[in-house]
Student: 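Got a structure for you, written out below as structure tokens; questions coming shortly.
In this text, all values refer to a predicted model and were calculated from it rather than measured experimentally. Order of the sequence lines sets the chain letters (A, B, ...), proteins ahead of strands, with each chain counted from 1.
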Number of protein chains: 2
Amino acid sequence: MSPRSSVAEARRTRQRIVERGIALASRDGLEGLTIGRLAADLKMSKAGVLGHFGTKEALQLATLEGAAAAFSRLVWEPAADVRPGLPRLRAVCEAWIAYLDLDAGRAVFPGGCFFTTASIEFDARGGPVREAVARMSRVWRRRLAAEARTAVAAGDLPADTDPDQVVFELIGLFMALNQEIQLFAAPDATDRTRRALDRLLGPCPARSAP
Amino acid sequence: MSPRSSVAEARRTRQRIVERGIALASRDGLEGLTIGRLAADLKMSKAGVLGHFGTKEALQLATLEGAAAAFSRLVWEPAADVRPGLPRLRAVCEAWIAYLDLDAGRAVFPGGCFFTTASIEFDARGGPVREAVARMSRVWRRRLAAEARTAVAAGDLPADTDPDQVVFELIGLFMALNQEIQLFAAPDATDRTRRALDRLLGPCPARSAP
DNA sequence: CCTACCGATCGGTAGG
DNA sequence: CCTACCGATCGGTAGG
């Protein structure tokens, strides 16, 4: 019951660092996230920032994990209550669009999709950051594939649908949406995405049984 | 008829620098392309490298232009002789797959698609490099859209096809293929891409008239 | 095209 | 959590 211990203070500070790190890295990448600029942004000393992580690589990994938690909160959780299968898959896609497009997502990730940036940045190198990015991407793909599989079992997608093919095309669609928003600020990009989703998952509103 | 003048020598050297720059930047990005490492790689002095461009930004722009020329040579030119419309669009897609997948492309761009990397790297910043990336992407999209339009006019794509929608989905597909290859080294990624292309453009081999 | 150099910033450490 | 510092590297310049 004591007023906030120094351990709790340190944890709060660490979280503040990670949150600012996510914002800066979404713009400049995890390699472009430098300890000096992060410290200046937080009005802390470089040693004060680095002390929470030890090395820049550990800071990058912590930032990546923080971004994954935020992504899960913004894109997965809003759809978690929806019925598994096609309805949930569609709800995830809507939240995913919002994550890329609306203030909710852009406030946390002002530089666009954090994982696309991190994937592109590290995909031609080795090391723990690259492996963490790959692992997170696999987890996300597995979640999506499970919903697609449920949708097939429920008859909401054609019986010959390959769930991994659906996931592959979904990934591409959202990468294209991310580019359209970040590079061209195209206002019709979300419509294009929804049209492609209809082509991939079937038209959105009430589908009669097959 | 004189043996190579010093002007021609300088041009050759500049080209050598740009070619190595493309290879290094495809791995580490245009910001990760440092003058010092590029010079060491070429066994030149930093001043010798920088003298050909003046500033790092000019080097980045020259590297970007060199990459665009190589992309055009690898992906556009092999299809330029094919009949305009759907046949040419399909030929471009095959060359595009080779650019991402085979030794031909990977020898020039060992770190994967140069333009995806550059786009992601600069899409949240300002400046001439970002504008150059956006301009090149627009040119490429316009070329693809023109072929799609021709295909519609020829009746090789449904009359209600939106060419820009086709281009949007193509861009996403090849970004997904790039990630699959670079991050996961997935051997079945080209098959997935061709399957998605069949869904988008119609099945590949001889289509009977509609 | 080179050597020699500039101030700024990088990741990281010592010591408190 | 700070100040003070380290060697390495950054982009760039002077002068030849």
Side-chain angles (χ1 to χ4, degrees), chain A residues 2-21 24-25 27-64 118 121-122 125-130 132, chain B residues 2-21 24-25 27-64 118 121-122 125-130 132:
Chain A
S2 67
R4 29 181 167 151
S5 73
S6 66
V7 171
E9 275 296 355
R11 202 181 306 164
R12 275 178 48 104
T13 301
R14 196 193 132 106
Q15 195 171 340
R16 260 184 71 228
I17 297 171
V18 168
E19 266 164 34
R20 284 307 299 160
L24 295 184
R27 268 192 273 259
D28 302 320
L30 278 168
E31 214 59 57
L33 175 68
T34 72
I35 297 157
R37 282 194 288 124
L38 181 55
D41 194 281
L42 291 160
K43 296 179 200 302
M44 288 175 62
S45 67
K46 280 170 43 178
V49 169
L50 196 55
H52 285 272
F53 308 95
T55 66
K56 175 167 182 180
E57 187 173 88
L59 167 65
Q60 291 174 322
L61 290 167
T63 305
L64 198 54
E121 197 176 6
F122 287 90
R125 311 180 192 182
V129 179
R130 183 212 147 94
Chain B
S2 66
R4 29 181 167 152
S5 73
S6 67
V7 171
E9 276 293 357
R11 201 181 307 164
R12 275 178 48 104
T13 301
R14 197 193 131 105
Q15 196 171 339
R16 259 185 71 228
I17 296 170
V18 168
E19 266 163 34
R20 284 307 299 159
L24 295 184
R27 267 191 274 257
D28 301 322
L30 279 167
E31 214 59 56
L33 175 67
T34 72
I35 298 157
R37 281 194 288 125
L38 180 54
D41 195 282
L42 291 160
K43 294 179 201 303
M44 289 175 62
S45 67
K46 279 170 42 175
V49 168
L50 196 55
H52 285 273
F53 308 95
T55 64
K56 176 168 183 179
E57 186 173 87
L59 167 66
Q60 290 173 323
L61 289 167
T63 305
L64 199 53
E121 198 175 6
F122 287 90
R125 310 179 193 183
V129 178
R130 183 212 147 95

Student: Decide yes or no for A/Glu121 and A/Val129: does some side-chain heavy atom of the first lie under 4.5 Å from some side-chain heavy atom of the second?
Tutor: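 A side-chain contact is absent here, since even the closest heavy-atom pair is not under 4.5 Å.
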
Student: Using both distances under 3.5 Å as the test, list the Watson-Crick or G-U wobble partner of C/dG15, or none.
Tutor: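 Paired with C/dG15, as far as the under-3.5 Å criterion goes, is D/dC2.
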
Student: Nearest 0.5 Å please: distance from the CD1 atom of B/Ile17 over to the CG atom of B/Asp41.
Tutor: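 B/Ile17 atom CD1 to B/Asp41 atom CG measures 11.5 Å (nearest 0.5 Å).
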
Student: Does A/Glu31 reach the side chain of A/Arg125, with side-chain heavy atoms less than 4.5 Å apart?
Tutor: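 A side-chain contact under 4.5 Å exists here.
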
Student: Rounding to an integer number of Å, can you tell me how far B/Arg14 CZ sits from C/dC1 C1'?
Tutor: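 Checked: the CZ to C1' distance equals 16 Å.
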
Student: Calculate, to the nearest 0.5 Å, the distance between atoms CD1 and CE belonging to B/Ile35 and B/Met44 respectively.
Tutor: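 If I round to the nearest 0.5 Å, the distance is 11.5 Å.
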
Student: Take atom CG of B/Asp28 and atom P of D/dC10, then tell me their distance rounded to the nearest Å.
Tutor: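 So the two atoms are 11 Å apart, to the nearest Å.
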
Student: Please report the distance, rounded to the nearest Å, between NZ in B/Lys43 and P in C/dC2.
Tutor: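 It works out to 13 Å between those atoms.
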
Student: My understanding is that a pair needs two contacts under 3.5 Å, Watson-Crick or G-U wobble. By that rule, which nucleotide pairs with D/dG7?
Tutor: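 Partner of D/dG7: C/dC10.
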
Student: With a 4.5 Å cut-off on side-chain heavy atoms, are B/Val18 and B/Phe53 touching?
Tutor: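 In contact.
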
Student: What is the distance, rounded to the nearest whole Å, between atom CZ of A/Arg12 and atom P of D/dC1?
Tutor: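 To the nearest whole Å, that distance equals 11 Å.
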
Student: Quick one: which of D/dA14, D/dG12, D/dC2 gets closest to the side chain of B/Ala47?
Tutor: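 The answer is D/dA14.
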
Student: Closest nucleotide of DNA chain D for B/Glu57 versus for A/His52: which of these residues is on the 5' side?
Tutor: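 Counting from the 5' end, the first nearest nucleotide belongs to A/His52.
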
Student: Using OP1 and OP2 only, check whether a side-chain N or O of B/Ser45 sits under 4.0 Å from C/dC1.
Tutor: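 B/Ser45 to C/dC1 OP1/OP2: no side-chain N or O under 4.0 Å.
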
Student: Rounded to whole Å, please give me the gap between CZ in A/Phe53 and C1' in D/dC1.
Tutor: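 For the pair A/Phe53 CZ and D/dC1 C1', the rounded distance is 14 Å.
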
Student: Roughly, in whole Å, what's the span from CZ in B/Arg37 to C1' in C/dC10?
Tutor: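 To the nearest whole Å, that distance equals 13 Å.
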
Student: Which nucleotide, D/dG11, C/dG11, C/dC1, lies nearest any side-chain atom of B/Met44?
Tutor: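 So the side chain of B/Met44 is nearest to C/dC1.
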
Student: Just to be sure I understand the rule, does A/Leu50 reach a base, reach only the sugar-phosphate, or reach nothing, if contact means heavy atoms closer than 4.0 Å?
Tutor: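 Base contact - A/Leu50 has a heavy atom under 4.0 Å of at least one base atom.
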
Student: Within this structure, what is the CG-to-P distance between A/Leu24 and C/dC10, rounded to whole angstrom?
Tutor: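 Rounded to the whole Å, the gap is 12 Å.
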
Student: For the base of C/dG11, is there a side-chain donor-acceptor partner from A/Lys46 under 3.5 Å away?
Tutor: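 Checked by distance alone, the answer is yes.
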
Student: Within less than 4.0 Å of OP1 or OP2 of D/dG11, is there a side-chain N or O belonging to B/Thr55?
Tutor: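 Result: no.
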
Student: Whole-Å distance between D/dG12 P and B/Leu33 CG?
Tutor: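 So the CG-P distance, B/Leu33 to D/dG12, works out to 12 Å.
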
